[in-house]
Every structure is written in C-alpha cells, then in structure tokens.
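These notes are about the structure you will find just below.
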Amino acid sequence: MGVELKKDGKELIALLSGDIDHHTAKQMREEIDSQAGLDKPELLKLDFQHVDFMDSSGIGLIMGRYKLMQSLGGRLRVINVPNYIARVIRLSGLDQLGVLEKDVEHK
Amino acid sequence: MKPINEMTLSILSRSSNESFARAAVAAFVAQLDPTIDELADIKTAVSEAVTNCIVHAYKDAIGVIYISAKLFENGKVIVRIRDKGCGIEDVEQAMEPMFTTAGGERAGLGFAVMESFMDRLRVTSRVGRGTSVTMEKIIARRCVQNG
Ligand SMILES: Nc1ncnc2c1ncn2[C@@H]1O[C@H](COP(=O)(O)OP(=O)(O)OP(=O)(O)O)[C@@H](O)[C@H]1O
Ligand SMILES: [Mg+2]
C-alpha cells in the first residue's frame, strides 16, 4: 500500500498501490513531491497498475502532480490505468490535459 | 414497497473510516449479487459522500456520520449518508461539476461522481444543521434468489 518511487534517467516513476482516497492521497502526494523536488525529473510517470480503488481524491492527486511538473518545467504521464479507474478519470476531463495513454479514453 | 433488508451504521468522521464505510456498504449490497462494476460504482459513490462529511461537514471537528442502506426485492439499493455538520448554503451550486469550497487538491467532482455512478441522487441540506445524501441504484437481477 502506498507509493514506490523509482528513478530511471530523467524519469521518475511512482508506482501507486492499494486504494487512493482522501485518507491515503495525502501521504502519496508528500512522498512523490519530495522526491520530485529533489530529482527535478523531465518526466513523472504515475503508474496505476496496482491501484485497487480510486475516488475523486485521485483526480486531485493527478491534477496536483500535473501542476507540479509544469512548475518544474517537466511533463506528467499517467500509465496502466485499470478500467474501473478510467471511468472516474474520464468524468474529470483529465483526458484533455494530454497526460493519459490513448487507450484510457476508450475503456 | 418494503425493503427486504436494512442496515444502519454510525461512524466517527475520521479519514481512516473512509475505506471501512465503502467496504461495509459494499459487503451489505453483495447480498443482491451485483457485478464487480456495480459494486465498484457503489463503493466510489459512498466514498465520495463519506469523504464530504469528513472534509466539509465536520471540517475542524470530529462528528458522527450516519449511513443506512436498504435492499429491495427488485434489486434496488438505497444508500443514505447523513451528517450534522455545517450544511450547504446553495445545494444546486455545490453539485455543479468542478465547484469546490475547499482549497488544496479537491477537484470538485464528488457530486458529479455520485450522480454518474448511481441511478439517482438527492441532496438536502440546512446550514448549521447538516446534510443528507440519498443515492439509489438498481442492481440487475441475474437469477432468482431466496433469503
Ligand atoms: N456533507 C457536506 N457538508 C457540507 N458541505 C458539503 C458537503 N458535501 C459537499 N459539500 C460542499 O459541496 C462542494 C462540492 O462537493 P464535491 O464533493 O462535489 O466536491 P469537493 O468535495 O469540493 O471535491 P472532491 O470531491 O472532488 O474532492 C464542496 O466543496 C462543499 O462546499
Ligand atoms: Mg467531495
């Protein structure tokens, strides 16, 4: 449960796991932001493959990291989004930020 | 129509109860043999409503969140989530997508999620008295069940 951070060249990969809600999002945010602040990656990848549940707190988490990467002059990608999470993401209009893998929109 | 089963639950507005609340409602609704998608919809909607009680209704305090669920013969589920917190001044405005009074990283999408993941959503609120969110969903019956 939580977030595992991996550095790969100029990329920072955050492998998220478990449930993302208001209770868990705070710690995920803090861990990602402190590492991103140190590494200043060109690309931050949020990997959702091990996320079991997400509500609108997860949308806040994605949007916040999008803004963070903008302020660092880098980019954000959201990858490996399961179907049940894609539905929440679609509702948020996040697809318009261009951070998602293309297939999310069709899930 | 009378429910075939009912449950009520009251919990403190601690954020650690968010996962408990959605899991408890989902476990109760599981009696109707919902699909995984239907259950995920209900869990997400419950999570939104309960989180709103914690983040907004009892903003700087710990209060009680009242949850009830009713199951009906035709597969209908009614979930109600109530608080005795600050209340909402303008419910219609609050329900607009992207509207939020909280700073930080709230997306203002909780009500939009509840509306789209459930079949029906009704919100009543009184400033200083609290808020009640009632949600309905029809679980498609796939086989006849007894019990
Ligand atoms: N139980 C409640 N008590 C008091 N105010 C509420 C309650 N539920 C919602 N609100 C008000 O309605 C607004 C919209 O709620 P909604 O859940 O749609 O978005 P949010 O909670 O602000 O953000 P998100 O749910 O995306 O994290 C809130 O910002 C808050 O002002
Ligand atoms: Mg909310």
Side-chain angles (χ1 to χ4, degrees), chain A residues 1-3 14 16-34 36 44 46 48 51-71 76 78 81-97 99-100 107, chain B residues 11-23 25-26 34-59 65 81 94-118 121 135:
Chain A
M1 284 271 273
V3 44
L16 308 171
S17 64
D19 289 10
I20 305 181
D21 61 15
H22 155 256
H23 181 69
T24 60
K26 182 168 178 274
Q27 198 188 343
M28 290 183 176
R29 177 172 73 224
E30 286 168 2
E31 286 182 33
I32 295 168
D33 288 8
S34 70
L44 171 64
L46 300 179
F48 278 77
V51 176
D52 304 316
F53 172 87
M54 180 178 114
D55 64 18
S56 65
S57 304
I59 301 299
L61 184 76
I62 298 172
M63 292 207 294
R65 288 335 103 228
Y66 175 76
K67 288 180 193 152
L68 172 78
M69 289 313 292
Q70 275 194 321
S71 75
L76 177 77
V78 173
V81 178
N83 288 344
Y84 44 89
I85 292 174
R87 298 181 51 224
V88 184
I89 289 181
R90 252 186 280 122
L91 205 136
S92 72
L94 265 179
D95 33 341
Q96 276 151 35
L97 294 182
V99 299
L100 304 174
K107 277 184 179 170
Chain B
I11 53 173
L12 291 186
S13 61
R14 297 201 182 279
S15 64
S16 55
N17 280 331
E18 289 160 11
S19 61
F20 169 72
R22 62 181 180 259
V25 173
T35 62
I36 291 179
D37 281 348
E38 287 167 338
L39 218 45
D41 288 353
I42 291 173
K43 276 172 87 169
T44 312
V46 168
S47 194
E48 296 296 350
V50 168
T51 301
N52 280 350
C53 299
I54 294 167
V55 175
H56 306 297
Y58 300 120
K59 197 172 170 208
I65 303 170
I81 293 161
M95 290 176 75
E96 276 168 27
M98 318 294 247
F99 178 87
T100 181
T101 53
E105 293 194 341
R106 308 243 63 90
L109 286 172
F111 282 129
V113 167
M114 292 181 242
E115 203 145 36
S116 94
F117 284 24
M118 301 295 276
L121 170 66
M135 304 183 279

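Chain A is the first sequence line, chain B the second, and so forth, proteins listed ahead of strands; every chain is numbered from 1.
- Heavy atoms of B:Ile36 lying under 4.5 Å from chain A are absent altogether.
- With 3.5 Å as the limit, one finds no donor-acceptor pair spanning the side chains of A:Ser57 and A:His22.
- Not counting sequence neighbours, the partners of A:Lys26 by the salt bridge (Lys or Arg N to Asp or Glu O under 4.0 Å) test are A:Glu30.
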*Test A:Val88 against A:Asp55 for side-chain contact (heavy atoms from CB on, under 4.5 Å), laying out the working first.*
CA-CA 7 Å; A:Val88 184; A:Asp55 64 18; over 6 Å; no
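- Only the side chain of B:Arg22 comes within less than 4.5 Å of a heavy atom in chain A; its backbone stays farther off.
- Considering CG of A:Leu68 and CG of A:Leu44, their distance stands at 7.5 Å, rounded to 0.5 Å.
- Looking only at side-chain heavy atoms (C-beta outward), B:Asn52 and B:Met114 come within less than 4.5 Å of each other.
- Residues from residues 60-67 of chain A that place a non-hydrogen atom less than 4.5 Å from a non-hydrogen atom of chain B comprise A:Gly60, A:Leu61, A:Met63, A:Gly64, A:Arg65, given in numerical order.
- A salt bridge does not link B:Asp37 to A:Arg87: none of the charged nitrogens lies less than 4.0 Å from a carboxylate oxygen.
- The contact between B:Ser47 and chain A is made by backbone and side chain atoms together, counting heavy-atom distances below 4.5 Å.
- Looking only at atom types and distance, the side chain of A:Thr24 has a donor-acceptor partner in the side chain of A:Asp21 under 3.5 Å away.
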